[in-house]
Number of protein chains: 2
Amino acid sequence: MLERIHLEILNAIKDHGTLTKAADSLYLSQSALSHSIKKLEGQIGTAIWKKEGRNLRLTAAGERIQTLANRVLPQFSHTELLLNQIAKGEMGSLRIGMECHPCYQWLLRVIQPYLLQWPDIDMDVKQEFQFGALGALLNYEIDVIITPDPLFKPKIDYIPVFDYEHRLVVSATHELAKQDFVLPEQLSDEVLFTYPVEPQRLDIFSQFLMPAKCSVKKHKLIETTEIMLQMVAAGRGVCALPGWLVDEYAKTMPIKSLRFGEKGIAKQIFVGLRKDEQNIDYFKDFIAQAKKTK
Amino acid sequence: MLERIHLEILNAIKDHGTLTKAADSLYLSQSALSHSIKKLEGQIGTAIWKKEGRNLRLTAAGERIQTLANRVLPQFSHTELLLNQIAKGEMGSLRIGMECHPCYQWLLRVIQPYLLQWPDIDMDVKQEFQFGALGALLNYEIDVIITPDPLFKPKIDYIPVFDYEHRLVVSATHELAKQDFVLPEQLSDEVLFTYPVEPQRLDIFSQFLMPAKCSVKKHKLIETTEIMLQMVAAGRGVCALPGWLVDEYAKTMPIKSLRFGEKGIAKQIFVGLRKDEQNIDYFKDFIAQAKKTK
DNA sequence: ATTAATCAATGAGTTTTGTTCATGGTTAGT
DNA sequence: ACTAACCATGAACAAAACTCATTGATTAAT
């Protein structure tokens, strides 16, 4: 069978002219190369070179092998380089799965310095999953998951990276804007905007409205945070978002946020990863960076 | 060092799922593969796979190697095939892919003297491709492509081999036969025959009718040049073909050709081949012969 | 809950392959 | 003709790759 060594030999002959020098460059004896090619010739049934004077001239077969060598050897060494980087932990990929729509802005701030620190790490952010982000993590489609509600599994570890309060957002001119907090029944006449996910996964339902057996006048689905807040600012309805996010938008938009109930809804963002990958440097650093970013 | 066998192993695992089956497919023992990879792991300093349950899962390093395998192994086997052919005295093969229906007649004239000159070259002409002729070229299914519209790729070189004019063909008794050239609007009441390919790939549409926002009364698809011209000769419609081809048929059929617009549509036929194979003698000669043939 | 089956890892022993050494033959330059 | 530069070859040795037999882990079946 045609092996890498055969390609290396022909390549070295191309570079150094003679078999002897080629042998030196490969740290082998001239005899070794000669034997090696002789054997291959026996296998493929045709000569690879012929002696011409005291040098070698490649046959058609030899030229074919050389063409293959030119194409293929650089790829071998490139891969070996990459493997080396991987071994040193300098390289790899960080595929992030997001299960938290509004966290995207926060993630951008995490990623920015991280990319500078790990220039050779290939990064990718995914937001849609056929079998859920957790499934994707277990399936090796992603490496890291960012979620506000960790679903514990034996092979996954979650690390809390920051705390925030989930708050109701209303227009600055809304009646409720005068209050510090809102009660479930005060929403019964409101239009509520949420991201398009199942209600039981929305805290405003599971932790606020449903326990009090209240509901809203209408529930509308909106995909993007910007549009959602535009609608709220225009007084068309209310929505529920992380406090820090609202604070940011409140600088430029006529919106206000208030606590859910007297105690508010406290939330945490978790980074989840596969247990056995916890001590890989560039994963650890990602978590460190995430914890640092508010 | 990363060897072909390592690539074969990862490739076989991809194909057969387990190490045991992979070993069978390579006619080796499971133990051999395990040892072989273990040794490589020691050399590169990182794991290639890890056991998960009773199966294997590739690490980042393993995936790298697999990508290399995908890229490189087909090239090895392709070269081995060629070497085999050379050994059998076939000297090599020239597999021609055609992307230009009417060029077939021309190709026959190229091949005729070429076959005499290279009696040991195995020749084959293909006209249908699952992923396009270019894909076939990149995939080593063919060695040469003949096309009027070269799609430039870094690894492919195109050499123009002859110029011709794309012309409208009408029956000798057709009104238009009196004219030297035709205008787009003059076709609005005609039946147009073309080969069954997407209209945007037909020059009569992309370079003549569509720019003038004109169309034809009816567009019918016909597979073969002969039948197409029979239809045109019978006054059933018009078609667009290379000038030289029409000239030939016009000797025995009542047809005439005329220019598209005042300036006509100028075309070129290109021969495309893989860059690193350009200096193989029997390829060079094929191109020389193609350039010579009008 | 046992048992059986599947699958990968490991160590020892054997076979195969690769390498060197020593040598001989051929060519080109002096 | 002599010498230096090359490549080929065979035998001896060294290294590697491979197999066999076993172990350990996991999963599926009874």
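When reading the values below, keep in mind they use all heavy atoms of this one structure, side chains included, and skip hydrogens, waters and symmetry mates. The shown structure was predicted, so the numbers you read here are calculated from the model rather than taken from an experiment. Chain letters run A, B, ... following the sequence lines, proteins first and then strands; every chain starts at 1.
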What's [X] touching, base or sugar-phosphate or nothing? Going by heavy atoms closer than 4.0 Å.
X        : value
Ser29(B) : base
Thr18(B) : sugar-phosphate
Ile5(B)  : nothing
Leu56(A) : sugar-phosphate

Atom [atom1] of [X] to atom [atom2] of [N]: distance rounded to whole Å?
X        : N       : atom1 : atom2 : answer
Leu26(A) : dT20(C) : CG    : P     : 11 Å
Leu28(A) : dG18(C) : CG    : P     : 12 Å
Glu3(A)  : dA16(D) : CD    : P     : 15 Å
His6(A)  : dT17(C) : NE2   : C1'   : 11 Å
Asp24(A) : dT19(C) : CG    : C1'   : 15 Å
Ile13(B) : dA9(C)  : CD1   : P     : 9 Å
Ile37(A) : dG18(C) : CD1   : P     : 11 Å
His35(B) : dA15(D) : NE2   : C1'   : 15 Å

Check: For Lys21(A) and Lys39(B), take the nucleotide of DNA chain D holding the closest heavy atom to each; which residue's nucleotide lies nearer the 5' end?
Finding: Lys21(A)
Nearest-nucleotide pick for [X], side chain only, options being [options]:
X        : options                  : value
Leu19(B) : dC6(D), dG10(D), dA8(C)  : dA8(C)
Ser34(B) : dC6(D), dA8(D), dT10(C)  : dT10(C)
Arg54(B) : dT19(D), dC7(D), dT26(D) : dT26(D)
Gln30(A) : dC7(C), dC18(D), dA8(D)  : dA8(D)
Trp49(A) : dA11(D), dA8(C), dA8(D)  : dA8(D)

Next item on the list: Check Ile145(B) against Leu134(B) and note the closest heavy-atom contact, atom names and distance.
Entry: CD1-N, 3.8 Å
Note to self: Over 60° means perpendicular and under 30° means parallel, so tell me whether Tyr195(A) and His101(A) are parallel, tilted or perpendicular.
What the structure shows: parallel
Check: Once the angle between the rings of Phe270(B) and Tyr158(B) is folded into 0 to 90°, is it parallel (under 30°), tilted (30 to 60°) or perpendicular (over 60°)?
Finding: perpendicular
Notebook entry, point to check: Would the number of heavy atoms belonging to other residues, nucleotides or ligands and lying under 6.0 Å from CZ of Arg109(A) be above 12?
Noted result: yes
Notebook entry, point to check: Can a side chain N or O of Lys38(A) be found less than 4.0 Å away from OP1 or OP2 on dT9(D)?
Noted result: yes
Note to self: Let me spell it out: for each of Ser31(A) and Lys51(B), pick the nucleotide of DNA chain C with the closest heavy atom. Which residue's pick is nearer the 5' end?
What the structure shows: Lys51(B)
Check: Between Phe208(A) and His166(A), is the ring centre distance below 6.0 Å?
Finding: no
